[in-house]
Colleague: 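First the structure, then my questions, so here it is.
Every chain is numbered from 1 and lettered A, B, ... according to where its sequence line falls, protein lines coming before strand lines.
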Protein chains: 2
Amino acid sequence: MPKNDDFDLQVFLPYLLNQAAEESSLAFTQLYKNKYGMLRTEWRVVFHLGAFGKMTATDIVVRAKIHKTKISRAVTKLVEKRFVVRERSQDDRRQEFLTLTPAGEAAYRDLRDVAKRYDADISRKFTDGEVRLLRMMLKRLAGID
Amino acid sequence: MPKNDDFDLQVFLPYLLNQAAEESSLAFTQLYKNKYGMLRTEWRVVFHLGAFGKMTATDIVVRAKIHKTKISRAVTKLVEKRFVVRERSQDDRRQEFLTLTPAGEAAYRDLRDVAKRYDADISRKFTDGEVRLLRMMLKRLAGID
DNA sequence: CCTTGTTAGTTACAAAAAGAACTATTACCA
DNA sequence: TGGTAATAGTTCTTTTTGTAACTAACAAGG
């Protein structure tokens, strides 16, 4: 591999972000994978419902920036698995509110604890100040303010 | 959205990483998408060949941590589009060296400049020290050391 | 040499995603 | 009102992907 110009791909930020996200996501996936038989999009939906309570599919689309067809299919699966219930809005009958069933709540709490431990593992690799800064920067990059 | 327990999804690191990566990746994708008609994996291959020069598919697999089937398919496409040429090794006739054609070189330089500008845009949102720290942390999280 | 094992890269098949088009409902406004 | 546009969510079709199995070339020990 002879050449090497001044541009180092490995310090290109979007590249680094992707690699880091992929790595942590992969590692985390192993922890919950076969526990409730949920796919990534499914437990992301569960997370949102657990953390924020009753909300519509579109609310989740906006917050999580996941495509609506993915949400739609994930919700269908979650309803089949009895983790989520739909409730048609009376005001606007196009939308439906989603809530976790007791089984969904239990799964959420369980996954949340796994997430907390995982998060703590990452945090342990750095100082508190560094982690705080990382969160701040990622939030800004993600457009969460 | 009534509820909100002590676990804030928005500070969960893998979540933040994903969101930030998705955001920057989406924004960047728009810039090169229709320019050369390359998919993400394809220009990642171009980037590697441009930055490091002649190398084999396996070299790219190792460096970029992209699955070899993806590389294989990307290379096929890039050869069809005349951005890359294959050259079978004389020493070991299983492997083939990949290099950019002049057209590939031109595309690389162009995309590299876009990437630089994009990277600079991100960097401008923070101090130099912060960006340095971010890169360091992301590298460690990504397992690049 | 022959057998077994390893490596480079491709291909086949199944799972997942992205996009576009669709249904149903509501909103706007001339 | 009536007609057009917008929104919530689903479904259909086409691309991408991920996994596993495959071909071809080399390597090493008996």
Colleague: Check the pair D121(A) / R124(A) against salt bridge (Lys or Arg N to Asp or Glu O under 4.0 Å), numbers first and verdict last.
Modeller: CA-CA 5 Å; D121(A) 284 349; R124(A) 210 166 294 122; 3.0 Å; yes
Colleague: Could you state the interatomic distance from CE (M38(A)) to CZ (R44(A)), rounded to the nearest 0.5 Å?
Modeller: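 Reported to 0.5 Å precision, the distance equals 14.5 Å.
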Colleague: How long is the straight-line distance from NZ of K125(B) back to CE of M137(A), given to the nearest 0.5 Å?
Modeller: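 Taking CE in M137(A) and NZ in K125(B), the distance rounds to 10.5 Å.
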Colleague: Rounded to whole angstrom units, what separation is found between the CE atom of M55(B) and the P atom of dA8(C)?
Modeller: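 Spelled out: CE on M55(B) to P on dA8(C) is 13 Å.
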Colleague: Just checking K81(B): does its NZ atom have more than 12 heavy atoms from other residues, nucleotides or ligands closer to it than 6.0 angstrom?
Modeller: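 Result for NZ/K81(B): enclosed.
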Colleague: Please report, rounded to the nearest Å, how far the C1' atom of dT15(D) is from the NE2 atom of H67(A).
Modeller: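 About 13 Å, once rounded to whole Å.
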Colleague: Given atom NZ of K77(B) and atom P of dT11(C), what is their separation to the nearest angstrom?
Modeller: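 About 12 Å, once rounded to whole Å.
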Colleague: Between dT16(D) and K70(B), is there an OP1 or OP2 to side-chain N/O distance shorter than 4.0 Å?
Modeller: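 Checking dT16(D) against K70(B), no side-chain N or O comes under 4.0 Å of OP1 or OP2.
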Colleague: Could you state the CZ-C1' distance from R93(A) to dT25(C), rounded to the nearest angstrom?
Modeller: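 One finds 8 Å between C1' of dT25(C) and CZ of R93(A), rounded.
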Colleague: Can you measure L98(B) atom CG to dA8(C) atom P for me and round it to whole angstrom units?
Modeller: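 For the pair L98(B) CG and dA8(C) P, the rounded distance is 13 Å.
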Colleague: From CD of Q90(A) over to P of dT25(C), roughly how many Å is that when rounded to an integer?
Modeller: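 In whole Å, dT25(C) P and Q90(A) CD are 13 Å from each other.
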Colleague: Indicate the atoms forming the closest heavy-atom contact of A74(A) with T41(A), along with that distance.
Modeller: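 In terms of heavy atoms, the two residues are closest at CB-CG2, 3.8 Å.
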Colleague: Measure the CZ-CZ distance between F52(B) and R63(B) for me, rounded to the nearest 0.5 Å.
Modeller: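 Output value for this atom pair is 4.0 Å.
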Colleague: How does protein reach along nucleotides 3-11 of chain D, written 5' to 3' as B (base within reach of a heavy atom under 4.0 Å), S (only sugar-phosphate), or - (no contact)?
Modeller: ---BBSBBB
Colleague: Can you check the I66(B) CD1 to dT16(D) C1' distance for me, whole Å?
Modeller: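 Between C1' of dT16(D) and CD1 of I66(B): 14 Å.
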